[in-house]
Amino acid sequence: MQVRRLPGVAALLTAGAVVVSGCGTQPVERRAETSLPASPTASPPAAAAQQGPSAVTPEPVTAPRKTLRLGAKGKAVTWMQKRLVELGYRPGKADGQYGGTTLAAVWAFQKVNGIKPTSTIARRTWEALETPRTPKVLAPNGKATRAEVNLSKQVMVLYVRGEVKLITHISSGSGVPYCETTTWQGKEQRFCGSARTPTGNYRTTWRASGWHKSYLGELYNPIFFNGGIAFHGALSVPLYPASHGCVRMPMNVAQELPGLLGKGVPVHVTGAYKRA
């Protein structure tokens with residue numbers, strides 16, 4: 001699709017253009033929708049269940065403290081992967097290989113712990129893995145099962161029955177107005193929007209399994225919560241907001257999320273990303 005960035009919102013009202021919000025479309029047939037109970041029965045990771053100032057683990061943890069860079073292999077990588085899983089992150093299989101899936105989990109962990117995201121695992125990250133912080137609660141009076149999206153940190157946290165169940169790195173709306181021309185519903189159409197992920201309180205609605213084609217591209221396992229805005233897997237989830245408005249997440253997280261996040265679950269979106 002051809003992308004044309006325009007300087008302001010006023011310029012979006014181009015003749016013949018359809019102004020849209022988000023990155024998805026409503027389903028044509030309800031049969032494509034699947035709904036899940038709002039409170040899954042899966043047990044949360046023991047270490048991730050702690051909230052507040054108390055220790056996350058009942059006994060001291062000693063990290064390998066070996067400097068790791070992307071592409072590293074070995075026992076230190078396996079230790080890090082297992083530790084991230086204990087804390088609610090999703091680094092992929094604990095196979096001792098430091099690849100892109102593990103990197104996305106590392107970024108999420110570093111952001112929650114006040115560390116500038118980097119692919120290098122050094123002293124500060126090892127120390128944080130020994131004595132980690134829990135994510136800041138964005139909706140203290142929210143339901144026990146809910147999703148919280150922190151646009152400032154570009155992190156999503158899923159709580160199930162009051163306990164942290166999943167923490168992931170995300171990429172939300174870029175905030176850069178766009179106009180794109182694509183073939184949709186059998187004819188060439190032009191779509192314009194602000195590429196924003198609005199803040200507010202919402203609830204999960206419909207979803208689709210696998211790749212879902214929308215007028216702005218394809219979304220993997222989308223779970224919609226605000227009109228055409230959804231959580232979905234993407235092949236690119238950079239360290240900055242880059243979507244048309246949806247909340248992108250790593251593919252392995254998008255594979256797991258539908259089994260954890262039911263229909264009608266509250267979604268709280270807060271904050272604002274500040275570009276350096």
Side-chain angles (χ1 to χ4, degrees), residues 38-65 79-92 94 101-118 121-172 199 201 204 231 237 239 247 249-250 252-253 256-257 259-262 265-274:
S39 299
T41 57
S43 300
Q50 297 289 338
Q51 297 187 57
S54 60
V56 174
T57 50
E59 56 186 32
V61 172
T62 302
R65 298 295 185 103
W79 187 97
M80 177 179 70
Q81 291 169 326
K82 290 181 177 180
R83 180 62 170 157
L84 287 169
V85 170
E86 288 176 357
L87 299 174
Y89 300 86
R90 297 298 187 272
T101 300
T102 298
L103 175 61
V106 166
W107 284 345
F109 176 80
Q110 290 171 331
K111 288 186 285 187
V112 168
N113 284 271
I115 302 169
K116 184 177 180 181
T118 175
I121 311 301
R123 179 182 59 83
R124 287 194 65 194
T125 302
W126 287 125
E127 288 177 350
L129 284 165
E130 291 177 342
T131 55
R133 298 179 186 177
T134 53
K136 180 181 178 180
V137 176
L138 305 181
N141 298 318
K143 297 291 185 180
T145 297
R146 66 189 185 278
E148 296 186 351
V149 179
N150 188 328
L151 298 180
S152 302
K153 289 186 177 293
Q154 294 288 285
V155 166
M156 188 275 273
V157 181
L158 174 64
Y159 294 87
V160 175
R161 297 173 182 170
E163 300 173 330
V164 175
K165 182 64 177 177
L166 182 151
I167 310 168
T168 184
H169 160 67
I170 64 166
S171 177
S172 61
T199 57
N201 303 313
T204 55
F231 297 117
V237 190
L239 266 176
V247 177
M249 53 186 54
N252 67 307
V253 177
E256 182 181 358
L257 191 62
L260 302 175
L261 182 59
V265 175
V267 176
H268 305 280
V269 184
T270 67
Y273 182 80
K274 295 181 179 180

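Along the sequence shown, residues carry numbers from 1.
Between Leu129 and Leu84 the shortest side-chain heavy-atom distance falls below 4.5 Å. Looking only at side-chain heavy atoms (C-beta outward), Arg124 and Asn113 stay at 4.5 Å or farther from each other. For the pair Phe231 and Val149, the minimum side-chain heavy-atom distance is below 4.5 Å. In this structure the side chain of Phe109 never reaches within 4.5 angstrom of the side chain of Ile121, judged on heavy atoms. Side chains of Leu257 and Leu158 form a contact here, defined as non-hydrogen atoms less than 4.5 Å apart. Put simply, the side chain of Thr204 reaches to within 4.5 Å of the side chain of Leu261, judged on heavy atoms. Residues Thr125 and Gln110 have side chains in contact (heavy-atom distance under 4.5 Å, counting atoms from C-beta outward). Contact check for Pro135 versus Ile167: side-chain heavy atoms found under the 4.5 Å cut-off.
Shown here are the side-chain hydrogen bond (donor to acceptor under 3.5 Å, both in side chains) partners of Thr101, two or more places apart in sequence or in another chain: there are none. The side-chain hydrogen bond (donor to acceptor under 3.5 Å, both in side chains) test applied to Gln154 returns Ser172, not counting sequence neighbours. With sequence neighbours left out, Thr168 forms a side-chain hydrogen bond (donor to acceptor under 3.5 Å, both in side chains) with no residue at all. Residues satisfying the side-chain hydrogen bond (donor to acceptor under 3.5 Å, both in side chains) criterion with Lys111, sequence neighbours excluded, are His169. Here Glu256 pairs with Arg90, Leu166, Leu260 under the side chain to side chain contact (heavy atoms under 4.5 Å, CB included) rule; sequence neighbours left out. Contacts of Pro266 classified as side chain to side chain contact (heavy atoms under 4.5 Å, CB included), with partners at least two apart in sequence or in another chain: Lys143, Arg146, Arg203, His268. Arg65 meets the salt bridge (charged side-chain N to carboxylate O under 4.0 Å, His left out) test with Glu130; sequence neighbours excluded. Shown here are the side chain to side chain contact (heavy atoms under 4.5 Å, CB included) partners of Thr131, two or more places apart in sequence or in another chain: there are none. For Ala144, the side chain to side chain contact (heavy atoms under 4.5 Å, CB included) criterion is met by no residue, not counting sequence neighbours.
Put simply, the side chain of Thr145 gets close to the backbone of Arg161: a donor and an acceptor are under 3.5 Å apart. Judged by distance alone, with hydrogens and angles left aside, the side-chain atoms of Asn150 form no donor-acceptor pair with the main-chain N or O of Val155 at under 3.5 Å.
Contact between Ala272 and Ser152 at its shortest, heavy atoms only, is N-OG, 3.0 Å. Across all their heavy atoms, Tyr159 and Val164 have their closest contact at CE2-CG2, 3.6 Å. Looking at every heavy atom in both residues, Val237 comes nearest to Trp107 through O-CZ3, 3.9 Å. Heavy-atom minimum distance, Thr102 versus Pro91: OG1-O, 2.8 Å. Minimum interatomic distance between Gly92 and Asn252 (heavy atoms only, all atoms of both residues): N-ND2, 3.9 Å. In plain terms, the two heavy atoms of Gly271 and Thr199 that are nearest each other are O-CG2, 3.5 Å.
Note on Glu86 versus Arg83: salt bridge recorded, some NZ/NE/NH1/NH2 to OD/OE distance being below 4.0 Å.
In this structure, CD1 on Ile170 lies 11.5 Å from CG on Leu239, to the nearest 0.5 angstrom. One finds the CG atom of Leu138 at 12.0 Å from the CE atom of Met156 (value rounded to the nearest 0.5 Å).
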